[in-house]
Chemist: 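First the structure, which I've put down as structure tokens, then a few questions once you've had a look.
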Amino acid sequence: MSTLHTVNKSPFERSNLESCLGHAQPGDAVLLLEDAVVGVLAGGILAGKLADAAQTLKLHVLGPDLAARGIDPAQVVAGITVVDYGGFVDLTVTAKAVNAWL
Amino acid sequence: MAYTSNGATIDADEEGYLIDINQWNEDLAGQIAKDEGIAMSPEHWEVVNFLREYYSEYQIAPAVRVLTKAIAKKMGPDKGNNKYLYELFPYGPGKQACKIAGLPKPTGCV
Amino acid sequence: MDEMESGIVKKFMFVNRKPPHGTVYALEVLEMVLISAAFDQDVHLAFLDDGVFQLKKGQAPAGIGVKNFSPTFRALEGYDIEKLFVEAESLAERGLSEDDLLVPAEIISRADMGRLMGEMDVVVTA
């Protein structure tokens, strides 16, 4: 059983995502939602860091928040899974604990 | 406050602007106009329909100045001027026509 | 408005740094901009850092229960607000380009953005 980490602040503005990735344990799940989704574009400067993190963590991004900001799932860094609200619930119930990096 | 149209209750704010633009219909527009002391003519409808198109494109109710200019551009200077629009809507084409069209009160309008 | 009525015209800049929809900042600034148009001032809009996402094409926030106000940026022209500036570095850092923008805007460097800010009389940043 692993932990689900959620991050909802822009990684360009706050260090929440960086700190989360630095503390999450191998096998943990990470879900980016709300303003945090702005960091997931494949052409962006965080792409490398996210691709590295995806080697040991299960990275996810919330689809409705991507759509809200006009980001096509095809633009998302490879290795990050797009989930809907149902997927969010599944991640929550299968996790041992949820750590919200507010 | 609220209106009743075709048997349904339609919520509005304290000044009579609809809460949900999607609940608008022509019968309701006639009712709101009547409350404002306006008998809807084809000229009134032309402005109301223009406002609804503007809102659907830009998601805001335009300021009067912007509305006047946009009407002038589409229908010509005979209609796109303050005199013509205030004759149709004496208490202001922004306030009155927006209310009849089911739009929110124009941004910046007090 | 003629010269007698218009009074002093100041250079205003509204600086947008936040992405839309997650917080209310972007919408509030946009409303401020629309109101400022009534005062016939020299209004400039700047989009930098995450603020560049406010002009992203294809925004569809119905799924998160938020009104899509992005079409309102296309109405600014009718309000005579046509000085829109987007910072090139901010776009690039986020994997975006000029083609992603829903309105025409001047793409300028961070250095030029800084200089432009320095030329303003009033700067409001959110």
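Quick note: numbers below take in every heavy atom, side chains included, and nothing from hydrogens, waters or symmetry partners. Letters go in sequence order (proteins before strands), and every chain restarts at 1.
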Chemist: Write down the atom of A:Leu41, the atom of C:Gly95, and the distance for their closest heavy-atom approach.
Modeler: CD2-O, 3.6 Å

Chemist: Quick one: CD on A:Glu34 to OG1 on C:Thr23, what's the gap to the nearest 0.5 Å?
Modeler: 10.0 Å

Chemist: Under a 4.5 Å heavy-atom cut-off, does chain A meet the side chain of C:Ala62, its backbone, both or neither?
Modeler: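 Contact with chain A is absent: no heavy atom of C:Ala62 under 4.5 Å.
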
Chemist: Side chain, backbone, both or neither: which part of C:Ser90 has a non-hydrogen atom closer than 4.5 Å to chain A?
Modeler: neither

Chemist: Which atoms of C:Asn68 are under 4.5 Å from chain A, going by heavy atoms: the side chain, the backbone, both sets, or neither?
Modeler: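 The answer is neither part of C:Asn68.
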
Chemist: Residue by residue, which of residues 117-126 of chain C have a heavy atom closer than 4.5 Å to a heavy atom belonging to chain A?
Modeler: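 Under the 4.5 Å heavy-atom cut-off, nothing qualifies.
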
Chemist: With a 4.5 angstrom heavy-atom cut-off, could you sort out which part of C:Asp50 is near chain A: side chain, backbone, both or neither?
Modeler: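 When you check distances to chain A, only side chain atoms of C:Asp50 fall under 4.5 Å.
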
Chemist: Are more than 12 heavy atoms from other residues, nucleotides or ligands located less than 6.0 Å from atom NZ of C:Lys57?
Modeler: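 Enclosed.
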
Chemist: Kindly compute the distance separating CD (C:Glu93) from CZ (A:Phe12), expressed to the nearest 0.5 Å.
Modeler: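 Between atom CD of C:Glu93 and atom CZ of A:Phe12 there are 7.0 Å.
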
Chemist: What's the separation between atom CG in A:Leu33 and atom CD1 in C:Ile64, rounded to the nearest 0.5 Å?
Modeler: 10.0 Å

Chemist: Identify whether the distance between the nearest side-chain nitrogen and carboxylate oxygen of A:Glu13 and C:Arg17 falls below 4.0 Å.
Modeler: no

Chemist: Does any heavy atom of chain C fall under 4.5 Å from the side chain of A:Ala67, the backbone, both, or neither of them?
Modeler: both

Chemist: Listing request: all side-chain hydrogen bond (donor to acceptor under 3.5 Å, both in side chains) pairs with a residue in residues 35-53 of chain A, at least two apart in sequence or in separate chains.
Modeler: A:Glu18-A:Lys49, A:Asp35-A:Arg69

Chemist: Take A:Val37 and C:His21 through the test side chain to side chain contact (heavy atoms under 4.5 Å, CB included) and record every step on the way to the result.
Modeler: CA-CA 11 Å; A:Val37 306; C:His21 313 308; over 6 Å; no

